[in-house]
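The structure appears right after this line, and notes come after that.
Quick note: numbers below take in every heavy atom, side chains included, and nothing from hydrogens, waters or symmetry partners.
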Amino acid sequence: MTKIITWNVNSVHTRLPRLVALLARHQPDLVCLQEIKTTAEAFPASEVAAAGYQAVVHGQASRNGVAVLARVPVTDVVRGFAGDPVPEQARVLSVTADGLRVVCVYVVNGKEVSAPEYELKLRWLDAFTAWLRESHRPTDPLIVAGDFNITPDDRDVYAPDVWRGRNLASEPERARIRGLLDWGLTDLGRLNNEGPGPFTFWDYRAGAFHRGWGLRIDLALATAPVAARCTSVTVDRDERKPTFGEGKPSDHAPLIVSLRE
DNA sequence: ATGTCACTTTACAAGTGA
């Protein structure tokens, strides 16, 4: 297992041509997808299989939904997590591949700090962290990858002064990320990269991409044995360009993690 | 910050969530 990609596709149906092209372009061993916005029954499994990948899906109609695509054998599939305050929302999917435990995650967005959704986001993060700590060990080979909907610190925001205290950049959210790191996870995107960025998300509105208004909210967090194997972490920024490939882009770009054998 | 996108409904526009 040498290459893992995480990508919030914002509808796997709409993004299918670009997803198939991504698989051909990067030849990843495993892909974590978020916001597939469909059920397991409706997932385009045959198209993905034609590209050489098995699809493991934790789906939900219309909203949320996560999936793992793998060209290597996958075992011990777990959908969701014990203690989830909103188990009807499909946000977490865990698999084991080539001795590595992979947790694909789509964190609650939170909307804005004054919203009830923000309180849910913090509660959800606490429950997720508690489950992770109870069910895993920091000495195990583990990677938690996905859309965290949190910028870990000011280096992850194009305009920290504008964003300070707001949803995606507020201190309580960032404290939850630090909680995961304190337990024993390393932010692979910050290995040998002091930033700013690289950003992984640009809002569709206001021409954010062309103005450089990006955020780093898609993360790969890993335990020490995995971090020691990490050789590179890159963002496929081209994938966010409206003129790149077939169809429209997602508002997120894929994050590509390479590991030594 | 807001020049969009994808989804749904009782659908040919408007609301929701991101």
Side-chain angles (χ1 to χ4, degrees), chain A residues 6-20 22 32-44 47 57-67 84-92 104-125 128 146-151 154-170 173 176 196-197 199-219 237-255:
Chain A
T6 179
W7 189 22
N8 179 322
V9 289
N10 185 21
S11 171
V12 72
H13 295 303
T14 300
R15 222 61 62 205
L16 187 58
R18 281 176 176 254
L19 175 59
V20 170
L22 179 93
C32 297
L33 299 177
Q34 301 87 36
E35 277 203 277
I36 61 170
K37 293 187 171 178
T38 193
T39 60
E41 294 73 28
F43 192 90
E47 291 88 341
V57 181
H58 183 32
Q60 181 182 339
S62 313
R63 298 181 54 189
N64 309 313
V66 287
D84 188 344
V86 283
E88 68 278 14
Q89 299 184 11
R91 297 184 174 277
V92 174
C104 173
V105 59
Y106 174 50
V107 172
V108 172
N109 176 285
K111 195 174 281 187
E112 54 184 335
V113 292
S114 60
E117 288 86 347
Y118 177 84
E119 295 305 317
L120 172 64
K121 181 183 199 174
L122 298 183
R123 277 198 296 132
W124 192 94
L125 284 162
F128 175 74
D147 176 3
F148 283 76
N149 271 317
I150 301 170
T151 54
D154 280 352
R155 296 172 294 171
D156 305 309
V157 183
Y158 70 92
D161 293 341
V162 171
W163 278 82
R164 191 157 294 117
R166 297 175 49 133
N167 185 47
L168 309 182
S170 71
E173 298 168 74
R176 269 59 179 194
F199 303 135
T200 64
F201 164 85
W202 296 261
D203 199 295
Y204 282 127
R205 295 166 292 181
F209 181 67
H210 291 289
R211 295 164 101 143
W213 291 359
L215 304 174
R216 189 175 74 97
I217 57 177
D218 298 272
L219 309 175
R237 192 176 173 282
D238 285 343
E239 182 50 60
R240 181 61 181 81
K241 294 177 179 172
T243 53
F244 184 83
E246 194 181 335
K248 295 177 177 177
S250 169
D251 43 0
H252 294 251
L255 185 74

Using the rule given for side chain to side chain contact (heavy atoms under 4.5 Å, CB included), can you reason through Ile217(A) versus Phe148(A), listing the C-alpha separation, both sets of side-chain angles and the distance that settles it, and then say yes or no? CA-CA 6 Å; Ile217(A) 57 177; Phe148(A) 283 76; 5.8 Å; no

Hey, mind stepping through Asn10(A) and Ser250(A) against side chain to side chain donor-acceptor pair (under 3.5 Å) and telling me if it holds? CA-CA 6 Å; Asn10(A) 185 21; Ser250(A) 169; 5.3 Å; no

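One interatomic measurement links the two molecules: OH of Tyr118(A) to P of dA18(B), which rounds to 15 Å at whole-angstrom precision. Per the geometry, CG belonging to Leu215(A) stands 13 Å off C1' belonging to dT2(B), to the nearest Å. At whole-Å resolution of the value, NZ in Lys248(A) and P in dC5(B) are 5 Å apart. Rounded to whole Å, the distance from NE2 on His13(A) to C1' on dA6(B) is 12 Å. Put simply, CG on Asn167(A) is 14 Å from P on dG17(B), counting in whole angstrom units. Taking atom NZ of residue Lys37(A) and atom C1' of nucleotide dC5(B), one finds them 7 Å apart after rounding to whole Å. In this structure, the CZ atom of Arg15(A) is 8 Å from the P atom of dC7(B), given to the nearest Å. Protein atom CG of Asn8(A) is 12 Å distant from nucleotide atom P of dA6(B), rounded to whole Å.
Residue Glu35(A) is classed as a sugar-phosphate contact, given heavy-atom separations below 4.0 Å to backbone atoms only. Residue contacts for Tyr106(A): at a heavy-atom cut-off of 4.0 Å it reaches the sugar-phosphate backbone alone, with no base atom in range.
Summary of the strand contacts: Asn149(A) and Ser11(A) both lie near DNA chain B, and taking for each the nucleotide with the nearest heavy atom, the more 5' one is attributed to Ser11(A). The nearest heavy atom of DNA chain B to Asn10(A) and to Gly110(A) marks one nucleotide each, and the one closer to the 5' end goes with Asn10(A).
A close approach under 4.0 Å does occur between a side-chain nitrogen or oxygen of Arg63(A) and OP1 or OP2 of dA18(B). Between Lys111(A) and the phosphate of dA18(B), there is no side-chain N or O to OP1/OP2 separation shorter than 4.0 Å. A sub-4.0 Å separation between OP1 or OP2 of dC7(B) and a side-chain N or O of Thr38(A) is absent.
Between Trp202(A) and Phe209(A), the two ring planes are perpendicular [angle over 60°; tilted spans 30° to 60°].
Electrostatic pairing of Glu246(A) and Arg18(A) does not count as a salt bridge here, judged by no charged N lying under 4.0 Å from a carboxylate O.
Between the C1' atoms of dA11(B) and dC7(B), the separation comes to 13 Å (whole Å). For the P atom pair drawn from dA14(B) and dT2(B), the interatomic distance equals 22 Å after rounding to whole Å. Across the P atoms, dC12(B) and dC5(B) are found 22 Å apart, a figure rounded to whole Å. Spacing between dT10(B) and dT16(B) at atom P, rounded to whole Å, works out to 13 Å.
If you check dT2(B), dT8(B), dA6(B) against the side chain of Ser62(A), the one that comes closest is dT8(B).
Scanning for side chain to side chain contact (heavy atoms under 4.5 Å, CB included) contacts around Val86(A) gives Asp84(A), Glu88(A), Gln89(A), Leu120(A), Trp124(A), with sequence neighbours left out.
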